[in-house]
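Note that these values count all heavy atoms, side chains included, but never hydrogens, waters or copies made by symmetry. Everything numeric in this text was worked out from a predicted model, so none of it was measured.
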Amino acid sequence: MKKAGSLLLALVLALSLTLSVSAEEAVFEGGVTEIQKYGNIVLDIDPAKLQEAGFAYGDVLAVKVNDKEFQIPLCTNYSDVDTGELVARDSGGVLIVAVNMGDFATTNELAVKETAEDGTYTWKFPEGKSIEDITVSIAMGEKGGYRDQYLIHQLERTNERSDYASDQVFANFRSIAAGDLGENALFRSSSPVNNELGRAAYADNFAEANGIQAVMNLADSNEDIDGYIAAEGFDSPYYAGLYKEGQVKALNLGVDFTAADFQKGLAEGLRFFAANEGPYLVHCTEGKDRAGFVSALLACLMGGSLDEVVADYMVTYKNYYHLEQGSEQYEAVKSSNIVSILETITGAAKGGDLTKVDLAAAAEKYVKGIGLSDAELAALKTGLAKDYTAEPVGQETNTDIPGYTEAPADPTEVTPLPKPEPAPVPSPVQSDARSSYTVAAGDCLWNIAYRLYGHGARWTEIYELNKAVIKNPEMIQIGQVLTVPAA
């Protein structure tokens, strides 16, 4: 029996080795059965055979079409790659080679489409050639070479408020706590002015509540902002007021962080912060990519640790896509996005050990490299280091703030949150007796405690008095009547 078991184990190991070898060495040859309307070529190679040989989605294929060679990721949808990029799509058991939003056949001179007046079309091949003359071969290019990007392209989110835990999560609004950044000095969010994602009124609400004084808008031009404000249904009055007062810097930046125009515009934004008092807000449209880059840069500049910078960046993906730390998609986003951003900021080699990099020194070098003077850099750091001591509103993503309630689906119905004041707010409760408080939209135990006592940390006292009605301190309900302690 022991001998049989040993033989079985040896067989399994041998099969595993064979599978590994076949995935790296297998070559599949075939042709083209059809050129589709938009120039995609349909192959007669069965994608199931590739999978049997050990190929997987996210592998990079070495594809040869006639005499041209390509490196193409194996995916399931055209949108799994960016516009203009090549993709080998497994479309329900049919393998298609295409350019996302492009024309593979014409671009690579396989054929030219001729369209008749009635809209019908035919593909004209080079003289003496036909579709049967097109040859294709597929081998492994790089195992898992596109896996992270493939997983990232599978992420989905909605723009429905009801799909998110709180107004703050929906708005992706939070302060950045890292290194020597002052308390509530630097915030980031989705756009408080462009409402294409339905989040603007929510973000504007929290910008006002946290007393934002200077805004770096990475996404829009002044003309764009003028258009948003003039549009019917615009409901971001606090942002509009800041803009009118010259406290919004519109930079209209692209998403190529290495581009000269991005760096030039970013330098203007940093100078704007250096010349103004905080609290500061950085945003783009989603508050994800451009805002993620600038937030990481400023956190590094102020001495934030690698763990702090990465954790802040990943909060956005927890907010939007509900990613769980340690999941394959979480790790894919981390390694592809924030690690790449830090490599750009620090100049570290791709795949290098960022734990050995002095992030603050590297960020300072980067900021000087894009044009800031020593005096401008010093002013920027001074502003970011100041403490703005009002209790923050809407920080459950970075700290343990309990009890956000479901808000109305229409952001115009959001109950405005109070703008924090540096001094404690006088308590409306009697000092010698308990009183009651009715939970309203947007409330959490933290901001109730701040409103009543001037200190959000006293939420635990409210919770202790109401354990009979509050089953979960993170899920209080609109309309609940709470007993609140004396001031």
> Taking the side chain from Gln154 and the backbone from Tyr150, do they hold a donor-acceptor pair closer than 3.5 Å?
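Looks like yes, one N/O pair under 3.5 Å.
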> Let me know which of Ile176, Val309, Leu270 forms a side chain to side chain contact (heavy atoms under 4.5 Å, CB included) with Leu298.
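The passing option is Leu270.
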> Under a 3.5 Å distance rule, please check whether Glu85 uses its side chain to pair with a backbone N or O of Asp82 as donor and acceptor.
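Checking the backbone N and O of Asp82 against the side chain of Glu85, no donor-acceptor pair under 3.5 Å is found.
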> Under the side chain to side chain contact (heavy atoms under 4.5 Å, CB included) rule, what do Leu342 and Val357 come out as? Steps first, then yes or no, please.
CA-CA 10 Å; Leu342 290 174; Val357 177; over 6 Å; no
> What is the minimum heavy-atom distance between Tyr146 and Val60, and which atoms define it?
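Where Tyr146 meets Val60 most closely, the heavy atoms are N-CG2, 3.8 Å.
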> Between atom CE of Met140 and atom CG of Leu61, what is the distance when rounded to the nearest 0.5 Å?
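Rounded to the nearest 0.5 Å, the CE-CG separation comes out at 7.0 Å.
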> Is the side chain of Asp180 donor-acceptor paired with the backbone N or O of Ala385 at a distance under 3.5 Å, no angle test?
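Answer holds: no.
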> Between Phe187 and Tyr388, does a ring pair (Phe, Tyr, Trp, His ring centres under 6.0 Å) hold up when you go through it step by step?
CA-CA 12 Å; Phe187 291 80; Tyr388 297 86; 8.9 Å; no
> Please report the shortest heavy-atom distance between Pro73 and Leu86, naming the atom on each side.
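It is CD-O, 3.5 Å.
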> Inspect the surroundings of NZ in Lys68 and state if more than 12 heavy atoms from other residues, nucleotides or ligands are less than 6.0 Å away.
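Enclosed.
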> Does OH belonging to Tyr330 count more than 12 external heavy atoms closer than 6.0 Å?
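Yes - once you tally the heavy atoms of other residues, nucleotides and ligands closer than 6.0 Å, there are more than 12.
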> Parallel, tilted or perpendicular: which one describes the rings of Phe273 and Tyr280, with boundaries at 30° and 60°?
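Taking Tyr280 first and then Phe273, their aromatic rings sit tilted (interplane angle of 30° to 60°).
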> Keeping the roles fixed (side chain from Gln168, backbone from Arg174), state whether a donor-acceptor pair exists under 3.5 Å.
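Judged by distance alone, no pair lies under 3.5 Å.
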> To check you understand the geometry: which heavy-atom pair defines the closest contact between Cys284 and Ala291, and what is its length?
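That closest heavy-atom pairing would be SG-N, 3.5 Å.
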> In Å, rounded to the nearest 0.5 Å, how long is the span from CG of Leu301 to CG of Leu377?
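Leu301 atom CG to Leu377 atom CG measures 6.0 Å (nearest 0.5 Å).
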> Taking all atoms of both residues into account, what is the closest heavy-atom pair of Val87 and Cys75, and its distance?
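What the structure gives for the nearest pair is CG2-CB, 3.8 Å.
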> I'd like to know if the side chain of Gln329 and the backbone of Leu151 have a donor-acceptor N/O pair within less than 3.5 Å.
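A pair under 3.5 Å: yes.
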> Should the pair Tyr239 and His283 be assigned to parallel (<30°), tilted (30 to 60°) or perpendicular (>60°) ring geometry?
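Geometry flag for His283 against Tyr239: perpendicular rings.
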> Could you tell me the separation between the CG atom of Leu281 and the CD1 atom of Ile212, rounded to the nearest 0.5 Å?
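Atom-to-atom, Leu281:CG and Ile212:CD1 are 5.0 Å apart.
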> Take the angle between the ring planes of Phe293 and Phe262 and call it parallel below 30°, perpendicular above 60°, tilted in between.
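Judged by the thresholds at 30° and 60°, the geometry between Phe293 and Phe262 is perpendicular.
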> Is a side-chain N or O of Ser190 found less than 3.5 angstrom from the main chain of Gly287, in a donor-acceptor match?
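No; judged by distance alone, with no hydrogens or angles, the pair does not exist.
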> State whether a side-chain donor-acceptor pair under 3.5 Å links Ser221 with Asp224.
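Note: Ser221 and Asp224 side chains meet the donor-acceptor criterion.
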> Do Tyr78 and Met101 come close enough that some side-chain heavy atom pair is under 4.5 Å?
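Tyr78 does not reach Met101 side chain to side chain.
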> Which one of Asn194, Asn172, Asn159 satisfies the side chain to side chain contact (heavy atoms under 4.5 Å, CB included) criterion with Arg199?
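For Arg199, the side chain to side chain contact (heavy atoms under 4.5 Å, CB included) check succeeds only for Asn159.
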> Quiz question: by atom type and distance under 3.5 Å, do the side chains of Tyr228 and Asp220 form a donor-acceptor pair?
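Yes, because at least one side-chain N or O of Tyr228 sits under 3.5 Å from a partner of the opposite role on Asp220.
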> How many angstroms lie between CG in Asp90 and OH in Tyr57, if you round to the nearest 0.5 Å?
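Rounded to the nearest 0.5 Å, the CG-OH separation comes to 3.5 Å.
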> With distance as the sole test, does Lys113 use its side chain to make a donor-acceptor pair with the main-chain N or O of Lys37 at under 3.5 Å?
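Checked: pair present.
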> Near Gln36 CD, under 6.0 Å, is it more than 12 heavy atoms from other residues, nucleotides or ligands?
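It does: Gln36 CD has more than 12 such atoms within range.
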> About how many Å separate CG of Asp312 and CD1 of Ile338, when rounded to the nearest 0.5 Å?
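One finds 8.5 Å between CD1 of Ile338 and CG of Asp312.
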> Ala299 and Ala178: which non-hydrogen atoms are nearest, and at how many Å?
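Shortest heavy-atom contact: CB-CB, 4.0 Å.
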> Verify salt bridge (charged side-chain N to carboxylate O under 4.0 Å, His left out) between Asp80 and Arg89, making sure each step is shown before the conclusion.
CA-CA 9 Å; Asp80 289 340; Arg89 181 190 181 196; over 6 Å; no
> Between Asn276 and Ala214, which heavy-atom pair has the shortest distance, and what is it?
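Nearest heavy atoms, Asn276 then Ala214: CB-CB, 4.1 Å.
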> Please report the C-alpha distance between Thr106 and Asp103 in whole Å, then the side-chain angles of each, then the deciding distance to 0.1 Å, and finally whether the side chain to side chain donor-acceptor pair (under 3.5 Å) criterion is met.
CA-CA 6 Å; Thr106 301; Asp103 182 338; 2.7 Å; yes
> Could you tell me how the ring of Tyr164 sits relative to the ring of Tyr320: parallel (under 30°), tilted (30 to 60°) or perpendicular (over 60°)?
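Perpendicular, since the angle between the ring planes exceeds 60°.
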> Can you tell me how far CZ of Arg290 sits from OG of Ser295, rounded to the nearest 0.5 angstrom?
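Result: 12.5 Å between the selected atoms.
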> With no hydrogens and no angle check, is any side-chain donor or acceptor of Asn205 less than 3.5 Å from a backbone partner on Tyr202?
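A pair under 3.5 Å: no.
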